[in-house]
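In what follows, a single structure is set out as structure tokens and then discussed.
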Amino acid sequence: MGQRAHPTSFERLLAVVRTIPPGQVASYGQVSARVLGTTPRMVGFALAALPTGSDVPWHRVVNAAGRISLPAEGPGHAEQRRRLEAEGVSFRKSGVIDLEAHGWL
DNA sequence: AGATTGACTGCAT
DNA sequence: CATGCAGCCAATC
């Protein structure tokens with residue numbers, strides 16, 4: 001099996017996402033800042049390629065404004081919000097998450 | 001090999 | 001508060 005001897009930055013990003021505790025959220029930028037050589041855009045790309053039913057808590061990643069970045073018209077948006085609320089994450093009236101209360105670190 | 005795009009971000013207008 | 005633009009890196013065409 002010709003696998004690489006060390007995790008790709010793609011996999012490292014997913015590993016970081018796995019460390020976000022339930023009930024908390026981190027921004028794309030915050031996740032990418034933990035893996036040198038990566039950017040917020042890569043985080044979104046990595047999560048978008050995630051297989052259904054993966055163990056990665058992709059829903060705990062939101063944009064820097066504390067808002068869900070998935071297209072509001074798609075099913076992913078509603079699903080992410082549902083999962084977060086199930087973990088106790090509260091949304092403001094405007095649909096913005098209170099990062100002061102739920103922000104990671 | 002060059003252009004385009006994406007679940008971003010920060011600063012300027 | 002809404003828009004625009006540059007910077008960023010990998011995947012795709």
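Bear in mind that the values here come from a model prediction, so they are computed numbers and not experimental data. Only this structure's heavy atoms are used, side chains among them; waters, hydrogens and symmetry mates stay out. Every chain is numbered from 1, with letters handed out A, B, ... down the list of sequences.
- Considering only heavy atoms from C-beta on, A:R60 stays 4.5 Å or farther from A:V89 through its side chain.
- Residue A:F45 is the one, among A:F45 and A:G29, whose nearest nucleotide of DNA chain B lies closer to the 5' end (criterion: closest heavy atom).
- For A:L50 and B:dG6, the CG to C1' distance is 16 Å, given to the nearest whole Å.
- One interatomic measurement links the two molecules: CD of A:E79 to P of B:dA7, which rounds to 17 Å at whole-angstrom precision.
- Backbone-only contact: A:A64 has heavy atoms under 4.0 Å from sugar-phosphate atoms and none from a base.
- Taking 4.5 Å as the limit, every side-chain heavy atom of A:L13 sits out of range of all side-chain heavy atoms of A:F45.
- A:G37 comes within 4.0 angstrom of the backbone, heavy atoms only, and of no base.
- The two residues A:T38 and A:S32 come nearest to each other via the heavy atoms OG1-O, 2.9 Å.
- In this structure, OH of A:Y28 is placed 14 Å from P of B:dG10, rounded to the nearest angstrom.
- Side-chain contact annotation: A:S69 with A:N63, donor-acceptor N/O pair under 3.5 Å present.
- Counting any heavy atom pair closer than 4.0 Å across all strands shown, A:S27 reaches sugar-phosphate atoms only and no base atom.
- Nucleotide C:dA11 holds its P atom 11 Å from the CD atom of A:E11, rounded to whole Å.
- If you take CZ of A:F10 and C1' of C:dC8, they are 16 Å apart, rounded to a whole angstrom.
- Each of C:dG7, B:dT9, B:dA7 was ranked by its minimum atom distance to the side chain of A:R41; first place goes to C:dG7.
- To the nearest 0.5 Å, atoms CZ (A:R81) and CG (A:L84) are separated by 9.5 Å.
- Here the nucleotide nearest the side chain of A:M42, chosen from B:dA7, C:dC9, B:dT9, is C:dC9.
- For A:L14 and C:dA10, the CG to C1' distance is 14 Å, given to the nearest whole Å.
- Rounded to whole Å, the distance from CG on A:L13 to C1' on B:dC8 is 13 Å.
- When rounded to the nearest whole Å, the span between CG of A:N63 and P of C:dC8 equals 21 Å.
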